[in-house]
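The structure follows.
Heavy atoms only: backbone and side chains are in, while hydrogens, waters and symmetry mates are out. When a ligand or atom number is given, it counts from 1 through the structure's own listing order.
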Amino acid sequence: MNVPLYEKIWMWAAGGMIAAFVAILLITSIGGALEPPSHVETIDPTQVFKDPRFAHPGVTVDEHGATVVAVGMMFAYVPAEIHVPAGKPVTFRLTSADVTHGFLIVGTNANTMLVPGYVSQFTTTFRQPGEYLIVCNEYCGLGHHLMSAKLIVEEAKP
Ligand code: CUA
């Protein structure tokens with residue numbers, strides 16, 4: 001079979017790219033043990049407020065930063081107002097008591113889904129003291145547009 005030179009070059013280039021893509025997949029998944037970025041922790045969504053991890057939603061502050069425990073449900077967050085210190089790492093531990101909700105802190109990099117049955121966790125630092133709006137950005141029902149809360153980032157006390 002007579003294959004022109006340019007055709008051959010392109011065939012080898014395409015084959016090389018496919019080999020490279022497969023190699024990248026294998027190296028990162030097996031070698032680097034990379035998984036989808038997630039914190040896999042489960043919870044019974046019907047027992048959220050009886051679960052010791054979420055029985056007392058609120059904020060705890062220690063010398064390392066703050067931990068926020070909050071629950072999303074149709075159509076509110078508990079607690080509705082969250083106070084955290086500025087400039088310190090804040091870890092959010094969140095879940096849903098009914099359907100899938102969103103948790104977006106407007107103007108920051110904090111944005112996650114609250115999926116029933118799972119605990120969403122992330123850590124971020126708020127540099128700028130002030131009042132931030134938390135909104136649900138996953139359509140969750142007729143009151144979706146009413147679902148919001150307030151985040152108050154307070155100047156660190158000396
Ligand atoms: Cu909760 Cu939309």
Contacts of Glu41 meeting side chain to side chain donor-acceptor pair (under 3.5 Å) (sequence neighbours excluded), chain-then-number -> His39, Arg53, Arg93
Tyr132 and Phe126 aromatic ring geometry - parallel, tilted or perpendicular at 30°/60° bounds:
tilted
Do Thr123 and Val90 have side chains that approach each other closer than 4.5 Å (heavy atoms only, starting at C-beta)?
no
For the pair His101 (side chain) and Met113 (backbone), establish whether a donor and an acceptor sit closer than 3.5 Å, ignoring hydrogens and angles.
no
Is a side-chain N or O of Tyr6 found less than 3.5 angstrom from the main chain of Lys8, in a donor-acceptor match?
no
The reported gap from CG in Asp62 to NZ in Lys88 (rounded to nearest 0.5 angstrom) is 8.5 Å
If only protein N, O or S atoms under 2.8 Å count, total around atom 1 (Cu) of ligand 1:
4
